[in-house]
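This report concerns only the one structure given below.
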Amino acid sequence: MKAAVAHQFKQQLEIQDIPVPTITAQEVLVKIHACGVCHTDLHACHGDWPVKPKLPLVPGHEGVGEVVALGDQVTHLKVGDRVGIPWLYSACGQCEHCLSGNENLCLAQQNAGYSVDGSYAEYCKANANYVVKIPANISYRDAAPLFCAGVTTYKALKVSGAKPGHWVAIFGIGGLGHLAVQYAVAMGLRVVAVDTGAEKLQLAKQLGAELCFDFKTDKVVDAVLAATQGAHASICTAVSKAGFEQSYRVIRRGGKCVLVGLPPEEMPLPIFDTVLNGVSVVGSIVGTRQDLVECLEFAANGKIKAQIIDKSLDDINQIFADLAAGEVTGRVVMTIAN
Ligand code: NAD
Ligand code: ZN
Ligand code: ZN
């Protein structure tokens with residue numbers, strides 16, 4: 001099968017012919033129709049984080065397609081089912097996190113396109129218990145970005161505790177952020193969007209952001225504080241330390257700063273301000289299978305639609321270059337089969 005493979009960190013991916021994966025009793029084989037390109041895939045191929053991915057690696061954790069083969073013990077799926085294979089490729093099912101419905105925190109989890117091969121390929125195998133079905137009225141193309149960008153931002157908004165009518169500041173209007181704006185609006189929140197360039201800020205406005213600021217030309221912190229008296233919550237999807245610092249500074253007393261982006265840097269936290277202002281700083285990592293079901297439901301009900309740039313697997317190195325340069329407005333989805 002055709003696949004894009006990373007052999008070494010910071011090198012170009014190679015388009016190669018590799019064997020179709022073989023499945024075990026609890027796995028399914030999925031013929032991949034489309035796969036979104038997440039900035040995480042770029043971090044993976046650069047070896048940016050303390051925990052390194054496997055090499056060689058087939059990246060991709062927004063793969064969607066049809067089940068074409070089932071392991072002997074799989075009874076709840078059938079050939080032809082439309083599913084997605086998320087970042088949370090599998091978890092142990094037995095630890096305190098799994099048992100309390102927080103399987104995204106499981107220490108024994110595997111991650112698609114990181115610790116195991118992902119969906120930048122014509123076929124991907126998956127643990128049958130961790131694939132999630134795609135509602136019938138969502139196309140593969142539209143579903144793909146929801147399997148990471150969608151569920152991650154939907155979950156982060158839940159974690160933020162923001163209530164209808166509250167202000168939420170969304171930093172980074174990229175693949176994740178442009179969906180965060182839509183989920184926030186659908187939840188009745190008021191959105192301030194922060195990124196740079198007319199294209200991304202116009203997209204945010206069109207998707208329902210009431211206020212948009214450019215981190216290169218505006219005094220973002222002052223502007224957000226003046227317009228909102230401080231946001232009740234902020235969601236930072238920016239791949240930049242500066243964005244994180246600003247997302248902390250725009251929070252009102254008692255508010256919550258939710259960290260989502262993963263630049264390989266540290267964020268200094270002022271103890272005095274954090275204590276006196278009673279603010280919370282919390283990380284949010286993807287979402288559970290139930291979060292995914294809920295986030296797909298928003299799309300099935302017509303509330304959410306990713307802005308998609310259509311590409312193919314052969315374009316992957318250029319897509320990575322564009323992502324690194326901050327030149328992708330929306331989400332790139334690679335069509336892999338029709
Ligand atoms: P992306 O490249 O599509 O979007 C990032 C956006 O941040 C770009 O539009 C860029 O212009 C903007 N940005 C850069 N500096 C900024 C600043 N100072 N202020 C505001 N915006 C700024 O990337 P993506 O696919 O949306 O992923 C974003 C990040 O989230 C990555 O680090 C990725 O690894 C991480 N991620 C985390 C999770 C999670 O579960 N926590 C899940 C998926 C992705
Ligand atoms: Zn992702
Ligand atoms: Zn577990």
Side-chain angles (χ1 to χ4, degrees), residues 35-44 46 48-49 59-63 86-88 90-114 118-119 144-156 159 169-180 192-197 199-201 203-204 212-216 218 220-221 234-247 250 258-265 282-288 291 306-307 309 319-320 322-332:
C35 185
V37 179
C38 181
H39 207 113
T40 290
D41 301 334
L42 190 56
H43 293 303
H46 283 189
D48 275 344
W49 299 331
H61 55 273
E62 287 187 352
W87 172 256
L88 186 65
S90 66
C92 81
Q94 300 301 331
C95 70
E96 72 169 287
H97 307 296
C98 285
L99 291 175
S100 59
N102 297 305
E103 73 259 23
N104 53 326
L105 303 181
C106 177
L107 276 163
Q109 70 184 268
Q110 298 288 343
N111 298 119
Y114 207 84
S119 294
L146 304 177
F147 275 81
C148 177
V151 69
T152 299
T153 50
Y154 171 65
K155 176 70 161 191
V159 167
I170 296 171
F171 284 73
I173 306 298
L176 266 62
H178 91 289
L179 287 170
V192 189
V194 181
D195 205 309
T196 190
E199 210 181 333
K200 287 179 183 173
L201 297 182
L203 175 64
C212 298
F213 297 112
D214 189 317
F215 68 82
K216 287 197 178 152
D218 292 320
V220 168
V221 175
S234 65
I235 308 286
C236 188
T237 74
V239 192
S240 130
K241 178 178 174 173
F244 280 80
E245 288 175 346
Q246 293 188 332
S247 75
V250 302
V258 185
L259 314 186
V260 175
L262 285 159
E265 295 165 306
V282 60
S284 185
I285 178 74
V286 291
T288 63
D291 293 319
Q307 156 133 330
I309 301 107
I319 299 167
F320 273 6
D322 292 345
L323 258 188
E327 282 167 8
V328 176
T329 301
R331 192 58 136 193
V332 169

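Since the structure is predicted, the reported quantities are computational estimates derived from the model, not experimental observations. Computation of the quantities below employed the complete heavy-atom set of this structure, encompassing side-chain atoms and omitting hydrogens, waters and symmetry-equivalent molecules. Both ligands and their constituent atoms are indexed starting at 1 by order of listing.
When the heavy-atom distances from atom 32 (O) of ligand 1 to His43, Glu327, Lys155, His39 are ranked, the shortest goes to His43. For atom 6 (C) of ligand 1, the nearest non-hydrogen atom from the set Val258, Ile235, Asp195 belongs to Asp195. For atom 41 (N) of ligand 1, the nearest non-hydrogen atom from the set Ser284, Gly330, Ala238, Ala324 belongs to Ser284.
Looking at every heavy atom in both residues, Ala204 comes nearest to Ile173 through CB-CG2, 4.1 Å. Heavy-atom minimum distance, Val239 versus Pro263: C-CB, 3.9 Å. Across all non-hydrogen atoms, the minimal contact from Val328 to Lys200 is O-CE, 3.4 Å. Scanning all heavy atoms of the two residues, the minimum distance from Ala156 to Ile235 falls at O-CD1, 3.6 Å. Residues Val250 and Ser234 come closest through the heavy atom pair CG2-CB, 4.2 Å.
Residue contact check: Gly172 has heavy atoms under 4.0 Å from atoms 6 (C), 7 (O), 12 (C), 20 (C), 21 (N) of ligand 1. Short contacts between ligand 1 and Val194, defined as distances under 4.0 Å to a heavy atom of the residue, involve ligand atoms 20 (C), 21 (N). Of all atoms in ligand 1, listed by their number and element, those nearer than 4.0 Å to a heavy atom of Thr237 are 5 (C), 28 (C), 29 (C).
The protein atom (non-hydrogen) at minimum distance from atom 4 (O) of ligand 1 is Gly174 CA, 3.4 Å. Among all non-hydrogen protein atoms, the one lying nearest atom 34 (O) of ligand 1 is Thr40 OG1, 2.7 Å. Remark: minimum distance from atom 30 (O) of ligand 1 to any protein heavy atom is reached at Gly261 CA, 3.3 Å. Ranking protein heavy atoms by distance to atom 16 (C) of ligand 1, first place goes to Phe215 CE2, 3.3 Å. Protein heavy atom nearest atom 39 (C) of ligand 1, with residue, atom name and distance: Thr152 CG2, 3.5 Å.
Only the side chain of Ser240 comes within contact range of ligand 1, with a heavy atom under 4.0 Å; no backbone atom does. Proximity of Val286 to ligand 1, defined as any heavy-atom pair under 4.0 Å, is shared by backbone and side chain alike. For Arg331, every heavy-atom contact with ligand 1 shorter than 4.0 Å involves the side chain, none the backbone. Looking at Cys148 against ligand 1, only its side chain comes within 4.0 Å, counting heavy atoms.
Within the 4.5 Å cutoff, no side-chain heavy atoms of Lys155 are placed close to those of Val286. At least one side-chain heavy atom of Gln109 sits under 4.5 Å from a side-chain heavy atom of Leu88. With contacts defined as side-chain heavy-atom distances shorter than 4.5 Å, the pair Phe215/Phe171 does not qualify. Two residues are said to be in side-chain contact when any heavy atoms from C-beta on lie closer than 4.5 Å; His43 and Trp49 meet this criterion. Side-chain contact between Val37 and Phe320 is present, with at least one heavy-atom pair separated by less than 4.5 Å.
Not one N/O/S atom of His97, from backbone or side chain, sits under 2.8 Å from the Zn ion (ligand 3).
Contact annotation: Gly326 has no heavy atom less than 4.0 Å from any atom of ligand 1. Heavy-atom separations between Leu323 and ligand 1 include at least one value shorter than 4.0 Å. Judged by the shortest distance from any of its heavy atoms, Thr196 lies outside the 4.0 Å radius around the atoms of ligand 1.
Across Pro59, Cys35, Pro86, a single residue satisfies side chain to side chain contact (heavy atoms under 4.5 Å, CB included) together with Ser119, and that is Cys35.
Of the possible donor and acceptor atoms, one in the side chain of Asp214 sits under 3.5 Å from a partner among the backbone N and O of Lys216. A donor-acceptor pair is defined here as one N or O able to donate and one able to accept, closer than 3.5 Å; such a pair exists between the side chain of His178 and the backbone of Gln307. In this structure, the side chain of Trp87 does not engage the main chain of Thr40 through any donor-acceptor pair within 3.5 Å. Between the side chain of Thr237 and the main chain of Gly172, a donor-acceptor pair closer than 3.5 Å is present. Counting only distance, with no hydrogens or angles, the side chain of Glu62 and the backbone of Ala149 share a donor-acceptor pair below 3.5 Å. For Glu103 (side chain) and Ala91 (main-chain N/O), no donor-acceptor pair under 3.5 Å exists by modelled atom type.
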Does the pair Asn104 and Thr288 meet the rule for a side chain to side chain donor-acceptor pair (under 3.5 Å), with working shown? CA-CA 6 Å; Asn104 53 326; Thr288 63; 5.8 Å; no

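Around the Zn ion (ligand 2), protein atoms of type N, O or S found under 2.8 Å number 3.
Ligand 1 has an N or O atom lying under 3.5 Å from an N or O atom of Val260, backbone or side chain. Some N or O of Leu262 is nearer than 3.5 Å to an N or O of ligand 1, by distance alone. Any N or O atom pair closer than 3.5 Å counts here, and Trp49 shares no such pair with ligand 1. In terms of polar-atom proximity, defined here as any N/O pair under 3.5 Å, Leu176 does make such a contact with ligand 1. Checked by distance only, ligand 1 and Gly175 come closer than 3.5 Å through their nitrogen or oxygen atoms.
With the Zn ion (ligand 3) as vertex, Cys98 SG and Cys106 SG subtend 110°, rounded to 10°. Rounded to 10°, the angle formed at the Zn ion (ligand 3) by SG of Cys95 and SG of Cys92 is 110°.
Counted within 6.0 Å of CD on Glu327, heavy atoms from surrounding residues, nucleotides or ligands total more than 12; the atom is thus considered enclosed.
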